[in-house]
Trainee: 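For reference, the structure I am asking about is given below.
Scope of the values below: all heavy atoms of this structure, side chains included, with no hydrogens, waters or symmetry mates.
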Amino acid sequence: GQQLNQSPQSMFIQEGEDVSMNCTSSSIFNTWLWYKQDPGEGPVLLIALYKAGELTSNGRLTAQFGITRKDSFLNISASIPSDVGIYFCAGHSNAGGTSYGKLTFGQGTILTVHP
Amino acid sequence: EAQVTQNPRYLITVTGKKLTVTCSQNMNHEYMSWYRQDPGLGLRQIYYSMNVEVTDKGDVPEGYKVSRKEKRNFPLILESPSPNQTSLYFCASSLEGLAGVSYEQYFGPGTRLTVT
């Protein structure tokens, strides 16, 4: 099946720092999403991207749909302790006749913020 | 409150003993899906359902069954659980979007399953 490579696997930062993470694929994706998972809970949608080149913000979060349609980026500005969690990219690709219902997730980025 | 609920939240069982994890949503969503989460592997899709009586395999369907007899419920069935199915399981749902399905999925709280 489709694969998404998410990096970095983990980040340890100081409160107030900016954070960047990305997701890449060997095939074209037509939808990119970014989720956050707090400890002991299910993932929650942060940002959804549907067009190549699209740049979307949600508060201190900004995500971009790469122009090649093979990557996406998530930036968090001025991090705070409650940003701690696992961040997942996810996407859907029509390549190879993939059906509408299939969604592929990256391996996740574990973010730790030191006060 | 709009939500996806799963039961049980925690389950310890033995190899070969059939079990069912229930999933229910109160948002009238057409699309529902099951995922398993394992360290270092992210979330992998097990099965999904585009609507009532319509189900299809995800990336890791082996050893699992599902049914969608009514819109709000999408149970996950393990007929003969094995230790490699020890994992954290999530159910999710979403509306249909312009392309036939919305990928903006709402997730349940998770079910932690241990098979000994």
Trainee: Would a hydrophobic clustering, with Ile, Leu, Val, Met, Phe, Trp and Tyr connected at side-chain separations under 4.5 Å, put B:M32 with B:L88?
Mentor: no
Trainee: What are the residues of residues 65-75 of chain B, in order of number, with any heavy atom under 4.5 angstrom from a heavy atom of chain A?
Mentor: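 If one takes a 4.5 Å heavy-atom cut-off, no residue of residues 65-75 of chain B lies near chain A.
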Trainee: Going by the rule salt bridge (charged side-chain N to carboxylate O under 4.0 Å, His left out), which residues pair with B:K17 if we only count those two or more places apart in sequence or in a different chain?
Mentor: none
Trainee: Following the transitive rule for hydrophobic clusters with a side-chain heavy-atom cut-off under 4.5 Å over Ile, Leu, Val, Met, Phe, Trp and Tyr, establish whether B:L76 and B:Y48 coincide in one cluster.
Mentor: no
Trainee: How would you list, in number order, the residues of residues 76-90 of chain A that have a heavy atom less than 4.5 Å from chain B?
Mentor: A:I86, A:F88
Trainee: Restricting to pairs with a member in residues 7-28 of chain B, which pass ring-ring contact (aromatic ring centres under 6.0 Å, His included), not counting sequence neighbours?
Mentor: none
Trainee: So for B:R44, is it side chain, backbone, both, or neither that comes closer than 4.5 Å to the heavy atoms of chain A?
Mentor: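 Nothing of B:R44, per the 4.5 Å heavy-atom cut-off to chain A.
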Trainee: What part of B:Q6 gets within 4.5 angstrom of chain A, counting heavy atoms only: side chain, backbone, both, or neither?
Mentor: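 For B:Q6, no heavy atom lies under 4.5 Å from chain A.
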Trainee: Transitively linked via ILVMFWY side-chain contacts under 4.5 Å: A:M21 with A:L46?
Mentor: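 Per the 4.5 Å side-chain linkage, A:M21 and A:L46 are co-clustered.
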Trainee: Quick check on the interface: out of B:P109, B:S49, B:G108, who has the most heavy-atom pairs with chain A under 4.5 Å?
Mentor: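 That would be B:P109.
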Trainee: Do B:L43 and B:Y47 belong together in a cluster built from hydrophobic side chains that touch within less than 4.5 Å?
Mentor: no
Trainee: For A:L103, does its backbone N or O pair with a side-chain atom of B:Q45 as donor and acceptor, under 3.5 Å?
Mentor: yes
Trainee: Can you say whether B:L41 sits under 4.5 Å from chain A via the side chain, the backbone, both, or neither, judging by heavy atoms?
Mentor: backbone
Trainee: CD1 of B:I12: more than 12 outside heavy atoms within 6.0 angstrom?
Mentor: no
Trainee: For A:Q9, does the CD atom have more than 12 heavy-atom neighbours from other residues, nucleotides or ligands under 6.0 Å away?
Mentor: no
Trainee: Please say whether more than 12 non-hydrogen atoms of neighbouring residues, nucleotides or ligands are located less than 6.0 Å from OH in B:Y106.
Mentor: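 Not more than 12 within 6.0 Å, no.
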Trainee: Yes or no on side chain to side chain contact (heavy atoms under 4.5 Å, CB included) for B:F90 and A:Q37, after CA distance, side-chain angles and deciding distance?
Mentor: CA-CA 12 Å; B:F90 288 101; A:Q37 183 180 27; 3.2 Å; yes
Trainee: Could you check whether any side-chain N or O of A:Y35 sits under 3.5 Å from a backbone N or O of B:Q105, counting only pairs where one atom can act as donor and the other as acceptor?
Mentor: yes
Trainee: Let me check something: do A:F105 and A:L45 share a hydrophobic cluster, defined by ILVMFWY side-chain heavy atoms less than 4.5 Å apart, either directly or through other members?
Mentor: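 Yes, A:F105 connects to A:L45 through the hydrophobic network.
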